[in-house]
Amino acid sequence: MDLRKMTVSQLREMLISRKISASELLSVHLERIERSQLNAYITLNDKAMEAAREIDRRISSGQELPPLAGLPIAVKDNISTKGLRTTCASKMLENYIPPFDAGVVEKLRSAGAVIIDKTNMDEFGMGSSSENSTFGPVRNPRDPSRSAGGSSGGSAAAVCAGEAVLALGTDTGGSVRQPSSMCGVVGIKPTYGSTSRSGLIAFASSLEQVGAIGRTVADAALLQGVISGPDPMDPTCVIKVKPKNSIQGTLSGLRIGVPKELFGEGISDLTKDVVMRALSFMERHGAKLIPLSLPELRYSVSCYYMIASAEAASNLGRYDGIRFGHASSEHSSLAELFRNSRSEGFGREVKRRILLGTYVLSAGYAEKYYRRAASMRAKICSGFETSFSKCHMIASPTATGVAFPLGIKRDDPTELYSADICTVPANLAGLPAISFPCGSGEGGLPIGIQLVGRKFAEDQLFSAAYSFESLSGGYEQLITSGGV
Amino acid sequence: MAEYQSVIGLEVHAELKTASKMYCSCENKFGAPPNTLVCPVCMGYPGALPRLNKKAVELAVKAGIAMNCTIQQNSFQDRKNYFYPDLPKSYQISQSEKPLCVRGYLDILVNGEHKRIRINRIHIEEDAGKLIHDAEKGITLADYNRCGVPLIEIVTEPDISSSEEAHAFLETVRSTLKALDISDCKMQEGSVRCDVNVSLKEKGSEILGTRCEMKNINSFSGAVRGIEYEIKRQLELLRSGEHIQQETRRWDDSRGVSTVMRTKENAMDYRFFPEPDLGLISLPDDLVSQIKGSMPELPGEKLFRYTEKLGLKEQEAKIIAFDKDKAELFDHCLSLERASAKTLCSLIVGEITKYLNDTGDQISDTKLTSLALAELAGDTEQGRLSSSSAKKVLSELITSGGNVKEITERLGLAQISDPEHIQKIVAEIIAQQPKSVQEFRSGKTNALNHLIGLCMKASKGRANPAMVREIAEKLIKMEE
């Protein structure tokens with residue numbers, strides 16, 4: 001019995017029929033974590049066993065079980081957990097213990113989830129390799145010499161390696177989808193405003209959402225359904241739409257837009273080929289492919305880095321080393337304490353983005369950079385709107401290629417930034433997007449396909465992905481065989 | 001030598017009278033022990049998000065309507081980024097690009113002249129914490145209770161041309177905000193503060209001079225002194241052929257001087273951008289009409305009515321019009337139609353104001369009713385009470401309450417208006433004072449006043465003075 005290959009519904013069945021207890025399920029995962037070399041987590045939850053035993057008590061007293069009862073779930077370390085250290089993988093918050101739970105964590109807890117650990121990531125979510133962590137890089141379970149992607153690399157790796165059944169990531173510019181693609185799992189970036197950001201330690205507030213990662217579409221969709229919905233603590237999360245819990249799907253009649261800009265330069269030929277084969281497969285099963293052009297997407301990466309960095313510089317201003325966070329021991333004045341704490345507490349990439357973000361909003365430059373980016377963002381939104389009159393969803397590769405070896409891209413930030421070409425548009429437009437495996441490339445490493453949907457149309461994405469998954473014989477099989 | 005004209009603009013910050021803070025549910029209260037009214041939101045904890053207080057928006061809209069602004073159905077909030085220990089998020093949520101209220105005005109009255117001061121905008125924002133510097137210990141303590149307290153900022157156009165006008169504007173603003181229950185405007189608690197911008201231009205010229213901003217002004221008299229200081233400073237610089245440097249200065253009220261805070265080169269760059277954590281502020285369709293419909297007569301309007309229609313003196317009219325309780329008392333008394341506005345005004349501005357100032361009481365703390373005051377004023381006007389007796393009755397009404405007639409009788413203060421009674425008193429005094437009578441006859445009119453004074457004294461102030469004069473003149477002439 002390999003629990004690593006089990007789906008949520010199978011595990012739930014086993015728990016209800018008492019073939020396994022929640023504490024046993026947790027122990028199996030903890031043992032795996034202990035032997036793991038992936039560096040996928042930063043902090044273990046010392047209250048996890050307590051939560052699992054509570055579920056066991058409920059099972060033995062025959063109570064009805066909430067949807068995630070007893071399932072070990074990993075939570076990215078930029079999502080606040082009351083009483084449990086939350087670091088953002090930054091030295092700056094090395095010892096920060098939040099006094100409150102994030103909105104999504106509250107929802108997890110009331111759904112009976114057992115939070116197993118806090119996963120490793122790029123510092124404050126800034127990066128796409130999970131190497132920018134003060135706790136060291138995350139390794140890809142499918143090839144430990146390679147990156148797990150990022151910034152939610154720890155969450156994707158944990159789910160892939162069976163260190164957790166499900167995981168929460170956060171996606172500001174592709175941080176759930178890209179590592180999901182690289183680890184061969186399913187990752188969701190929901191519609192902006194569908195999921196609470198309360199307690200999500202902000203990087204770029206207007207772009208980010210909390211998203212589910214699972215080994216199957218149904219698993220990820222279930223988790224997303226649990227964490228979505230209004231939260232009085234987040235005024236931008238008010239829409240009362242929840243994805244349905246049961247997914248059925250057919251590809252028949254589905255119109256899938258294929259924008260040439262996301263199949264162009266910078267994306268590896270093999271990736272394009274694998275994704276195109278998946279799309280042809282979907283076409284053979286009843287979907288219609290609609291060629292599209294979205295020329296404004298050429299500017300999405302620059303637009304994204306200006307807006308995201310501007311917001312980041314503002315959001316990260318509060319880390320002064322006084323009330324929480326790293327405080328430098330070297331100082332002779334207050335100003336020096338601030339300066340040294342920030343110099344020592346933030347990593348290179350974070351500093352780079354604070355500088356960039358401060359610059360693009362500063363007097364004399366805001367018009368040239370930030371405001372132009374903001375108006376380009378509006379154009380990207382309306383470009384999508386026009387496209388959605390022709391199709392239900394838009395397909396592209398998720399990443400430009402398979403997982404890259406650790407260390408190679410560290411000194412070339414712009415190359416790393418431009419690799420976000422396929423994922424950032426959905427964040428800029430606030431649209432839902434899903435990444436799921438559709439085959440493999442170099443070294444048998446997984447390749448993900450992305451579908452971007454209309455606002456609050458997560459259900460459509462889930463059913464399309466689910467149809468593909470069931471028609472193609474499952475993701476592990478796809479990755480092993482190379483594709484459809 | 002060139003003549004200069006001062007050009008002044010004000011930015012008035014007023015804390016709003018809401019139960020809770022702007023973006024969280026912490027209590028909005030002054031004077032609690034330090035850092036007891038705080039939560040993750042107002043302390044800027046990672047991941048804590050602001051939630052807009054609806055009441056604050058309503059109060060700001062109310063202020064906008066009272067100051068004749070256009071209310072923007074849709075507005076939004078911006079982040080104003082600056083790093084200072086009193087600001088835990090390192091940015092203040094304010095409004096820059098699209099404020100709630102724009103293009104208004106407020107009319108002021110200074111020395112009989114009406115003047116319209118245009119208002120550029122009124123926006124909402126949050127207050128910062130308070131830093132307490134302990135010079136002795138060389139430390140600074142931070143109290144975050146005030147963090148996130150809702151504020152409005154009222155920004156005028158540079159339409160003010162003297163410290164006197166600035167003072168009149170500030171008084172009009174304060175009384176308007178208090179009358180509408182928008183703000184307490186308690187200076188000593190810092191719930192209203194202002195920044196002033198001063199520049200000088202050559203008289204007759206359209207070109208504005210370089211302006212200086214003065215911060216840290218926390219009283220209206222401080223504003224007056226600060227403006228006068230700044231005008232003088234700039235004038236001296238210009239007269240000696242120097243240029244004014246654009247700068248932000250800090251007013252030190254205790255020393256009566258301002259010092260440079262930062263120069264133009266070091267100007268703050270606030271990096272405003274739309275606050276992504278809060279959506280658009282979209283006002284309910286009927287909010288503006290609802291507020292307009294329930295808008296009472298405003299202090300500025302009262303002032304004009306009192307001076308123009310009722311003929312009250314400007315200074316006295318201001319004392320009543322700019323004080324919500326006094327104006328209410330005055331208007332109610334007036335509506336009872338027992339006495340004239342002037343008599344009521346002199347009682348309120350005189351004795352009542354003096355009592356309130358001495359004791360620190362509010363009108364509502366006293367036993368005085370508007371009916372009693374109206375009766376008292378009526379009795380005084382009709383000669384049933386002398387002005388000195390009226391004072392005694394009023395003091396009784398304030399401290400113990402009751403009925404004017406009953407108090408007058410109990411204290412034996414009813415005015416003597418019986419001609420025979422008065423004639424008896426006057427005759428006695430004339431008999432005792434042959435010298436004064438002689439002086440009066442020889443043309444010294446003052447001597448009559450002396451005699452009248454003695455008659456009043458003899459009647460313990462109760463004799464009707466007009467009748468005493470009349471009868472005294474008549475008796476002296478008869479004896480000739």
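Every value quoted in this text rests on a predicted model; they were computed, and no experiment measured them.
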Per-residue contact mode, A:Phe203 against chain B (heavy atom under 4.5 angstrom): neither
Top contributor to chain B interface from A:Tyr370, A:Phe338, A:Tyr319, A:Tyr365 [non-hydrogen pairs under 4.5 Å]: A:Phe338
Minimum heavy-atom distance A:Ser80-B:Pro46, with the two atoms named: OG-O, 4.1 Å
Part of A:Ala363 within contact of chain B (heavy atom distance under 4.5 Å): both
Test item: A:Asp320 and B:Phe83 side chains (from C-beta on) under 4.5 Å apart, heavy atoms: yes
Side chains of B:Tyr91 and A:Arg318, donor plus acceptor under 3.5 Å: yes
Side chain / backbone / both / neither for A:Ile79 at chain B, heavy atoms under 4.5 Å: neither
Under 4.5 Å from any heavy atom of chain B - which part of A:Ile201: both
Under 4.5 Å from a heavy atom of chain A, the part of B:Pro40 involved: side chain
Any donor-acceptor pair under 3.5 Å from B:Arg79 side chain to A:Ser314 backbone: no
Choice from A:Ser206, A:Pro235, A:Pro232, A:Pro98 maximising heavy atom contacts with chain B below 4.5 Å: A:Pro235
Whether A:Tyr96 and B:Tyr45 hold their rings parallel, tilted or perpendicular, with breakpoints at 30° and 60°: tilted
Greatest number of heavy atom pairs closer than 4.5 Å to chain A - which of B:Pro50, B:Cys24, B:Pro88, B:Pro274: B:Pro88
Heavy atoms from other residues, nucleotides or ligands near CD of B:Gln73 exceed 12 (cutoff 6.0 Å): yes
A:Lys455, NZ atom: more than 12 neighbouring heavy atoms under 6.0 Å: no
Part of B:Pro85 lying under 4.5 Å from any heavy atom of chain A: side chain
Atom CZ of A:Arg109: over 12 foreign heavy atoms under 6.0 Å: yes
Exercise: identify the closest heavy-atom pair between B:Phe272 and A:Arg371: O-NH2, 3.6 Å
Chain B contact via A:Asn78 - side chain, backbone, both or neither, heavy atoms under 4.5 Å: neither
Among B:Leu52, B:Leu87, B:Asn81, residue most engaged with chain A (heavy-atom pairs, under 4.5 Å): B:Asn81
Heavy-atom closest contact (A:Arg197 atom, B:Asp277 atom, distance): NH1-OD1, 2.9 Å
Structural part of A:Thr86 lying under 4.5 Å from a heavy atom of chain B: neither
Student check: side-chain heavy atoms of A:Met233 and B:Leu49 closer than 4.5 Å: no
Inter-residue atom distance A:Asn315.CG - B:Lys89.NZ, 0.5 Å rounding: 11.0 Å
When A:Leu200, A:Leu334, A:Leu93, A:Ile322 are compared by non-hydrogen pairs under 4.5 Å with chain B, the top option: A:Leu200
Residue B:Asp285 excluded, over 12 heavy atoms near CG under 6.0 Å: no
Whether over 12 other heavy atoms sit under 6.0 Å from A:Arg342 CZ: yes
